Amino acid sequence: MQNTSKILIEQAQAILRQNDRGGYTVPTARLYPFQWNWDSAICAMGWQQFDEPRAWQEIDRLLEGQWVDGMIPHIIFHKESPDYFPGADVWGVPDGCLQNGKRLPRTSGISQPPVLASCVRRLWEHSRTPQSQKARMPRLCKQMLAWHRWWWSARDPGNSGLVCIYHPWESGMDNSPAWDGALQRVLPLQNPSYQRRDTLVVDLSYRPHQSEYDRYMALVELFRGYEYAQQKLYEASPFRVLDVGTNAILQQANQDLLALVHEFGSVQEVRELEERIKLTHSVFAALWDEELGLYLSHDEISETPIRVPTSSGFLPIFAGLPTKRQVARMAAEVQRWAECCEHLIPSTSPFHPCFESKRYWRGPVWPHINWIIAQGFEKYEYTNVANRIRESTISLISKNGFQEYYDPHTSEGCGGSSFSWTAAIALLCFNR
Ligand code: GLC
């Protein structure tokens, strides 16, 4: 076993090195040839296991893409690549959105789950060279706080305590069946002339349907037309969803940022974060569904809960949001899913009619989601559940390599290969 883990660690390190494009890590060659937001934050924790300076560099390169209004976009296009669609020109972000009107790097026009502050806190607390890193911390805290404020205002203009997403890609769980209903409201592009690139690299049956892609692209066109003016997007987007995963991740990130700001920020910033955390905490319980035993996203336009059980519904445990009784209910639900799927945690409940074991976010297992949920169960001292999830992750990776995601029934690896955050999660699992 020791030999196996040594080999896996070496392979994982080699994948991160191989996907390094000069201070930032691409998720995988060809399929995703740029820097992705939450991938990068997770990769930084992987880099820290064997090359700490490179981990901090990953964060700096991600922050190069931050907008003047604080948003950290979901893709940073540091260098051009013909392998991905939609590229920088299609997003058409005006220069004025970028920091100081700088032209480079160009970016996409939406964001992704804000796991960054949680990762940076971990980098800081596990740093082997805190004296050399200390100087960068006040700046990092300012930049992360600016991003969190962007979520609180641009994506929650009514200050409800919960934020919305305007595009399925903003959830990071792009093709989740939870978005199907809300996506129907988006008129697909008429006579689309674009050519998808994803299906040139990965089997079509693992990827979203064309009808969904035409809707994704219609949203991009709409946002570009409004030049990403946030108030306009709020009023005009036919897709406005309160995503439980993004909200849970943001709540934990607020708490992690608070810990850092105590050390590196001002009293005023501490208060601001404390207030937001309290507000979110007070409204989160409304997303709980007792019958399904997990939390649900909400369609903000039809004002209805989205009763599709997905792994996202377990994420609030990461932020310490559920009561002990709710955690017991969630643990039982994970157990029930495990009776049907040998490999945990399927991204959609295996009992739901929309479950598909190989299609992108409609059933497969993602290692980083496992890692986040396992951390949550650990916090509540459900060590058995946490270990069961981690063992599942390691066994999937050791049997089938560092894939983008895995079939929860057969363990088959799907999507892109030599995948960066899968490598990072393996390194974290071995170095707990
Ligand atoms: C897919 C995933 C998204 C991820 C990206 C790069 O688009 O849905 O979460 O960030 O790939 O790995």
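Everything quoted here is computed from the prediction, not taken from an experiment. Numbering of ligands and ligand atoms starts at 1, following listing order.
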key: N400: partners by side-chain contact (heavy atoms from CB on, under 4.5 Å), with sequence neighbours left out   = Y406, S411
ask   = What pair of heavy atoms forms the shortest contact from P168 to Y216, and how long is it?
value = CG-CE2, 3.8 Å
query = Are H74 and W38 close enough that their ring centres sit under 6.0 Å apart?
reply = no
message = I'd like to know whether the aromatic ring centres of F314 and W337 sit less than 6.0 Å apart in this structure.
response = yes
key: Partner residues of E339 under the side-chain hydrogen bond (donor to acceptor under 3.5 Å, both in side chains) criterion, sequence neighbours left out   = Q335
Taking a 3.5 Å cut-off between nitrogen or oxygen atoms, can you list every pair linking ligand 1 to the protein, with distances?
residue  : atom   : partner : partner atom : Å
ligand 1 : 7 (O)  : D174    : OD2          : 2.9
ligand 1 : 7 (O)  : Y360    : OH           : 2.8
ligand 1 : 8 (O)  : G172    : O            : 3.1
ligand 1 : 8 (O)  : D174    : OD1          : 2.7
ligand 1 : 8 (O)  : D174    : OD2          : 3.2
ligand 1 : 8 (O)  : Y360    : OH           : 3.2
ligand 1 : 8 (O)  : W361    : NE1          : 2.8
ligand 1 : 9 (O)  : W38     : NE1          : 3.0
ligand 1 : 9 (O)  : G172    : O            : 2.5
ligand 1 : 10 (O) : W38     : NE1          : 3.2
ligand 1 : 10 (O) : D39     : OD1          : 2.6
ligand 1 : 10 (O) : Q112    : NE2          : 2.9
ligand 1 : 11 (O) : Y32     : OH           : 3.3
ligand 1 : 12 (O) : D39     : OD2          : 2.6

query = Partners of W288 by side-chain hydrogen bond (donor to acceptor under 3.5 Å, both in side chains), sequence neighbours excluded?
reply = E290
